2 protein chains.
Amino acid sequence: MGFMTEPPTSLTPAQLGAYFAFTEVSSLVRHSVEKQLRSAGDLSYVQFQLLARLGDAPDGRLRMTDLADGVVYSRSGLTYQAQLLEQRGLVTRAPSPDDERSTVVALADAGRAVLAAVFPGHIEAVHELLFAALSDRDVGELARILGQAADRLRATPPRSAAPRQRKTP
Amino acid sequence: MGFMTEPPTSLTPAQLGAYFAFTEVSSLVRHSVEKQLRSAGDLSYVQFQLLARLGDAPDGRLRMTDLADGVVYSRSGLTYQAQLLEQRGLVTRAPSPDDERSTVVALADAGRAVLAAVFPGHIEAVHELLFAALSDRDVGELARILGQAADRLRATPPRSAAPRQRKTP
DNA sequence: TAGCACTGCTTTGAACTCGAAGCAACACGT
DNA sequence: ACGTGTTGCTTCGAGTTCAAAGCAGTGCTA
């Protein structure tokens, strides 16, 4: 490790290759998974992630904010999706008894059913798209390496960017 | 390797870990990069990718369809973005002399300038977000592994999914 | 060379996302 | 108690994406 750790203005060939492959895989997997979920249970990927989080949570209930983390980057987006899921009866919303401000989202039976119906196909699709080409050892390496990257990303607070510019009409 | 290669209905812990880390990293990187591009040159990630593709192309010109591959999954999305880029003068559109149907998009000088202005920051952001936590060896492994996955994804023709359901009003 | 399928792009309508602004409930300071 | 600031969510407006339908131009076949 050198002393000077200024970020370089170019990437090594290996880094470029990794970056391109990463964006390509990420885009293709996302797109394919989205189609699978849509046809299997009429869910968007975001909706599936929300249901899956609720399914993982103890009691199948979470506050809105906790539910949103990493899935949607705006509160309003979550509100919108929660409304959709509630209208379909997959989820219920109720004000928290502890804190009247916060809304607790709970996985309804119908939601659990949809999740159960969609899950195997989702797993199969991910396996097919991402892991079928990889050896067990490579999967382990991938998990380790991406885990490191994820740790750093979580640790790095997202520096606030300039607000999105409005188009001048 | 066994004979029976039916897709499993569950993932190994390593696969699960890799999948979670992958989606997390992919989502966070995308989001951060998007902000960086927006503030550096008022470009969306898609727009940046389109300009970058044109920059890579010989003569800086590509047919619409060739430009879209992997960036946008609908023709109409590309039409929309091409219009925006053309309005900003970053790109020109003209019917192809060979084939009157197809439109050739060419990188304008202003587009090249914006690309040059944005690129270093983009590289720096990607380095910071994705590679700062990884050793050179890990980057090489990542490139190799994701390259394998990408190859398979490219080889697998996207099986047509059921059309997106309309909501019943 | 006429018919007919196909290709390449655009138009259109609906769905989804975000940021800013707004509103109620909470958590303090005095 | 009573402002004042903060938190949690929703509403609102604008922008982006997709799929389906539409429209020329092209190529194939008889």
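Values below: all heavy atoms of this structure, side chains included; hydrogens, waters and symmetry mates excluded. Every chain is numbered from 1, with letters handed out A, B, ... down the list of sequences. Since the structure is predicted, the reported quantities are computational estimates derived from the model, not experimental observations.
A donor N or O paired with an acceptor N or O is not found under 3.5 Å between the base of C:dA25 and the side-chain atoms of A:S102.
In this entry the distance linking CZ of B:R101 with P of D:dA24 reads 14 Å, nearest Å. Distance B:E86 CD to C:dT10 P: 9 Å, rounded to the nearest Å. Between B:E34 atom CD and D:dT16 atom C1' the separation is 10 Å, expressed in whole Å. The CZ-C1' distance, from B:R75 to C:dT7, rounds to 9 Å in whole Å. The separation between A:L84 atom CG and D:dT11 atom P is 13 Å, rounded to whole Å. Straight-line distance from the CZ atom of A:R88 to the P atom of C:dA15: 13 Å, rounded to whole Å.
For an aromatic pair to be called close, the ring centres must be under 6.0 Å apart, and B:Y19 with A:H122 satisfies this.
Of the candidates C:dT17, D:dA19, D:dT26, D:dA19 carries the atom nearest the B:S76 side chain, counting heavy atoms from C-beta on. Nearest nucleotide to the side chain of B:T103, out of D:dT11, C:dA15, C:dC9: C:dC9. Distance from the side chain of A:Y73 is smallest for C:dC18 among the nucleotides C:dT17, C:dC18, D:dG8. Out of C:dC18, D:dA19, C:dC9, the shortest distance to the side chain of B:T65 is found at C:dC9.
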Identify all side-chain donor-acceptor contacts of residues 99-107 of chain B below 3.5 Å with residues at least two apart in sequence or on another chain.
from, atom 1, to, atom 2, distance (Å)
B:D99, OD1, B:R101, N, 3.0
B:D99, OD1, B:R101, NE, 3.1
B:D99, OD2, B:R101, NE, 3.3
B:D99, OD2, B:R101, NH2, 2.7
B:S102, OG, B:D99, O, 3.2

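Ion pairing of A:D109 with A:R112 is absent here, as no side-chain N (NZ or NE/NH1/NH2) approaches a carboxylate O to less than 4.0 Å. One finds no salt bridge joining A:E141 and B:R144 here, because no Lys/Arg side-chain nitrogen approaches an Asp/Glu carboxylate oxygen to under 4.0 Å.
Residue B:Q83 is classed as a sugar-phosphate contact, given heavy-atom separations below 4.0 Å to backbone atoms only.
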